[in-house]
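Here's the structure we're looking at; comments come further down.
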Amino acid sequence: MRGAFGKPQGLVARVNIGQPIMSVRSKDGNKAHVVEALRRAKFKFPGRQKIIPSKKWGFTKWERGVYEKMREEKRLIPDGVTVQYKSDHGPLKAWKAIHA
């Protein structure tokens, strides 16, 4: 059993204070399971870790209320795991294609 008893093996990832170690995206119904899984996982890392549920929608940069409002206005278009932001500027032809 190589590396037993917590012997150092070499250089590992260097993490700054306050830097996210893991990010998990799930449905709202699975929030309790995700928090429990992260709580168990944090024992595998040295030091103190915090579990902070995000106010943002998935891995986007918009908060939940703003995201839903922008989706209704068709300013955000789904693009895989993220979304594309469509501003009000640009050709009228592109705007009509989205809102038609």
Side-chain angles (χ1 to χ4, degrees):
M1 196 164 108
R2 190 170 136 198
F5 306 111
K7 294 177 184 172
Q9 291 293 319
L11 188 66
V12 296
R14 293 180 184 221
V15 181
N16 295 324
I17 295 173
Q19 182 178 350
I21 297 174
M22 287 188 223
S23 264
V24 179
R25 181 182 58 201
S26 71
K27 294 182 179 178
D28 291 335
N30 296 330
K31 182 179 177 180
H33 296 291
V34 171
V35 170
E36 177 62 17
L38 290 174
R39 187 190 71 79
R40 291 180 182 196
K42 74 181 184 178
F43 294 117
K44 299 292 184 180
F45 296 97
R48 184 185 68 162
Q49 283 74 36
K50 296 179 184 177
I51 299 171
I52 303 171
S54 176
K55 296 174 185 157
K56 308 219 182 280
W57 184 280
F59 288 126
T60 64
K61 59 183 177 181
W62 293 285
E63 293 189 5
R64 292 176 176 271
V66 175
Y67 179 89
E68 291 171 354
K69 181 181 172 189
M70 291 174 80
R71 279 287 301 266
E72 289 173 4
E73 296 171 354
K74 296 187 178 179
R75 295 179 74 186
L76 296 178
I77 298 171
D79 184 32
V81 296
T82 61
V83 290
Q84 290 182 1
Y85 173 73
K86 298 295 182 183
S87 68
D88 293 335
H89 302 286
L92 186 60
K93 184 195 241 180
W95 185 86
K96 285 182 179 178
I98 294 171
H99 294 281

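We count residues from 1, following the sequence as given. Everything quoted here is computed from the prediction, not taken from an experiment.
- Between Pro78 and Arg71 there is a side-chain heavy-atom pair separated by less than 4.5 Å.
- Rounding to the nearest 0.5 Å places CD1 of Ile77 at 6.0 Å from CD of Gln84.
- Put simply, the side chain of Gln19 gets close to the backbone of Asn16: a donor and an acceptor are under 3.5 Å apart.
- Within a 6.0 Å radius of NZ in Lys56, other residues, nucleotides and ligands contribute more than 12 heavy atoms.
- Cluster annotation: Phe45 and Val24 are assigned to the same hydrophobic cluster (Ile/Leu/Val/Met/Phe/Trp/Tyr, side-chain heavy-atom contacts under 4.5 Å, transitive).
- Here the CG atom belonging to Leu38 is positioned 15.5 Å from the NZ atom belonging to Lys50, to the nearest 0.5 angstrom.
- In terms of the side-chain contact (heavy atoms from CB on, under 4.5 Å) criterion, Glu72 has no residue partners (sequence neighbours excluded).
- Between Lys42 and Gln49 the shortest heavy-atom distance is O-OE1, 3.3 Å.
- Annotation: side chain of Ile21 is in contact with side chain of Val15 (closest heavy-atom distance under 4.5 Å).
- Interatomic distance, CD of Glu63 versus OG of Ser54, reported as 8.0 Å (0.5 Å rounding).
- Trp57 has its ring centre less than 6.0 Å from the ring centre of Tyr67.
- Pro53 has its side chain within reach of Lys31: a pair of non-hydrogen atoms, C-beta onward, lies under 4.5 Å apart.
- In this structure the side chain of Trp62 reaches within 4.5 angstrom of the side chain of Leu76, judged on heavy atoms.
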Inset, instruction - Could you check Glu36 against Arg39 for salt bridge (Lys or Arg N to Asp or Glu O under 4.0 Å), going step by step and ending with a plain yes or no? - result: CA-CA 5 Å; Glu36 177 62 17; Arg39 187 190 71 79; 2.9 Å; yes
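- Taking 4.5 Å as the limit, some side-chain heavy atom of Asn30 sits within range of a side-chain heavy atom of His33.
- Between Val35 and Ile51, the shortest heavy-atom distance links the atoms O-CD1, 3.7 Å.
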